[in-house]
Amino acid sequence: MNNEKFYRTKFRTMLLSGTFTMAMAYLMLLCDNIVAGIFIGTDGVAAINIVSPLISVATSVSICVSAGVSILYARAIGEMNRDRADRLYGMGLIVSCFLAVLSLVILFLFKEMYFKSTGATGEILELAREYYTFLPFNAAVLIIVSYIEELVYADGDEPLETLSYVAQIGGNILLSILLAKFLGIRGIMLGTFIGNISALIVLLMHFLKKSNTLHFVPYFSWRSLLECIKYSITDGITYLLWGLTNYVLITYITRHFGKEYLVVLAVVVSLIEFAVVFDGIGMAIQPLLGVYFGEKNHLLIRKLMKDAIVTAIIEGVIAAILIFIFAAKFARLFGYARNNSECF
């Protein structure tokens, strides 16, 4: 009875925290486009959308490590295997740092090749190049932040993890607006970068707490890494496919329809990305599922999955209603005038 009462309380708090976290993640995806729509215009929105597939790929890379490590970390804690938990955390941090540096180098080296492949030209291409200026640094920090966020959450510090998202989205919006006035579209990406740095600083406070159980142990194993990827590949591929789909549509639209339709694509992609909020359910159950699996508590595993399915259905219905009601108003956030928004 006590275990079930604890489960109910913990699931609710983690669901609220997870849903809020993913809602903030969605706002992060929207923020740059909305600020660009207000201060730069529709060309700015189109320029950001040209670069956005690379951000999706960076997110995919980070998830392929962080999600799997957090699942196996929670399972190791449930099995009372502290040494394995420490090794997994250490390995994940090492791999995330390596991937951050690798992404930084790749994004610098292949910048012009990427832009040429999109077929973008004129003012939109120039704006995309300006926006790209701080992208390599932002992608590197994003990989590290995503990993630390996931593990801090798995370690049970939901309030701090939520606070990090407040710092991230707050810093992003405020600084992007302020810097856009002086640096144009380049300032929007700089504001995003500083927002991610702010989130990282907040998350590092977790390691000063007595409740912290994340202990770095230098470790690497291909077998353990592949096991982590196995548990996170589904989420990782989702973001990768989003990025690839967006990239294919960008190249097709620029070659066959013209630049004005890139803004339409940006709005549609942003609506599709609203599904990221549903990841809050998965984020809530992952640590609990890992612990209960380690404890071999099949009763609570069944209850957890049942509650997750019911929650997903409820959230899906609410989301569908909201999109149906506010679709036209949503388009106007991107700088679209009323007569243009009717095409949606």
Side-chain angles (χ1 to χ4, degrees), residues 7 10-11 13-22 24-25 58-100 142-162 164-165 168 199-200 202-204 206-207 209 211-217 219-221 223-239 276 278-295 301 304-305 308:
Y7 152 72
K10 195 64 176 176
F11 175 69
T13 58
M14 297 195 82
L15 177 62
L16 288 172
S17 177
T19 301
F20 177 81
T21 294
M22 298 316 297
M24 292 297 102
T59 304
S60 172
V61 168
S62 68
I63 288 175
C64 281
V65 177
S66 61
V69 171
S70 69
I71 291 170
L72 294 177
Y73 178 88
R75 182 183 298 182
I77 294 296
E79 295 170 347
M80 303 299 178
N81 191 341
R82 182 74 258 174
D83 290 339
R84 174 169 167 75
D86 290 342
R87 289 196 301 270
L88 286 168
Y89 168 69
M91 181 190 71
L93 186 58
I94 291 170
V95 173
S96 294
C97 289
F98 171 77
L99 291 174
L142 179 64
I143 291 173
I144 301 298
V145 169
S146 296
Y147 179 74
I148 299 298
E149 278 176 347
E150 194 82 39
L151 270 295
V152 167
Y153 185 80
D155 203 29
D157 199 348
E158 300 98 334
L160 186 66
E161 198 260 357
T162 301
S164 75
Y165 263 99
Q168 191 176 31
L200 181 60
V202 172
L203 289 166
L204 292 177
H206 176 76
F207 298 93
K209 295 184 176 183
S211 58
N212 169 47
T213 64
L214 299 172
H215 301 121
F216 177 77
V217 173
Y219 174 77
F220 181 82
S221 164
R223 183 177 179 180
S224 296
L225 179 60
L226 291 174
E227 190 178 6
C228 290
I229 294 174
K230 180 180 74 173
Y231 283 102
S232 55
I233 194 69
T234 302
D235 287 340
I237 284 181
T238 298
Y239 282 90
V276 75
F278 301 142
D279 280 350
I281 301 171
M283 191 174 181
I285 69 173
Q286 277 181 6
L288 294 173
L289 196 60
V291 171
Y292 296 147
F293 189 87
E295 294 175 348
I301 289 175
L304 181 62
M305 294 307 299

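Computed from a prediction, not measured in an experiment: that's the story for all the values here.
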(message) Using side chain to side chain contact (heavy atoms under 4.5 Å, CB included), reason through Cys97 and Ile144 one step at a time and then give a plain yes or no.
(response) CA-CA 7 Å; Cys97 289; Ile144 301 298; 3.8 Å; yes
(request) List the steps and the verdict of side chain to side chain contact (heavy atoms under 4.5 Å, CB included) for Val69 and Glu150. (result) CA-CA 9 Å; Val69 171; Glu150 194 82 39; over 6 Å; no
(request) Taking Ser232 for its side chain and Cys64 for its backbone only, find out whether a donor-acceptor pair lies under 3.5 Å. (result) yes
(message) I'd like to know if the side chain of Asp157 and the backbone of Val152 have a donor-acceptor N/O pair within less than 3.5 Å.
(response) no
How long is the straight-line distance from [atom2] of [Y] back to [atom1] of [X], given to the nearest 0.5 Å?
X      : Y      : atom1 : atom2 : result
Thr238 : Ile233 : OG1   : CD1   : 9.5 Å
Glu79  : Leu72  : CD    : CG    : 9.5 Å
Leu226 : Arg223 : CG    : CZ    : 10.0 Å
Arg84  : Met91  : CZ    : CE    : 8.0 Å
Cys228 : Leu88  : SG    : CG    : 5.5 Å

Non-hydrogen atoms of [X] and [Y] that approach each other most closely:
X      : Y      : value
Ala154 : Ser70  : CB-CB, 4.1 Å
Asp155 : Ser211 : OD2-O, 4.0 Å
Ile63  : Gly236 : CG2-N, 3.7 Å
Ser146 : Ser66  : O-CB, 4.0 Å
Asn212 : His215 : O-NE2, 3.9 Å
Ser96  : Val65  : OG-CG1, 3.8 Å

(message) The test is side chain to side chain contact (heavy atoms under 4.5 Å, CB included); show your working for Phe216 and Ile94 and say whether it passes.
(response) CA-CA 10 Å; Phe216 177 77; Ile94 291 170; 4.0 Å; yes
(request) Would you kindly say whether Tyr73 and Thr213 are connected by a side-chain donor-acceptor distance under 3.5 Å? (result) yes
(request) Any chance you could lay out the side chain to side chain contact (heavy atoms under 4.5 Å, CB included) test for Phe220 and Val95, step after step, and finish with the verdict? (result) CA-CA 8 Å; Phe220 181 82; Val95 173; 3.8 Å; yes
(message) Counting only heavy atoms from other residues, nucleotides and ligands, does the tally under 6.0 Å from CZ of Phe207 exceed 12?
(response) yes
(message) For Arg87, is there an ion pair with Glu227 - N to carboxylate O distance below 4.0 angstrom?
(response) no
(request) Could you check whether the rings of Tyr147 and Tyr89 sit parallel, tilted or perpendicular, using 30° and 60° as the cut-offs? (result) parallel
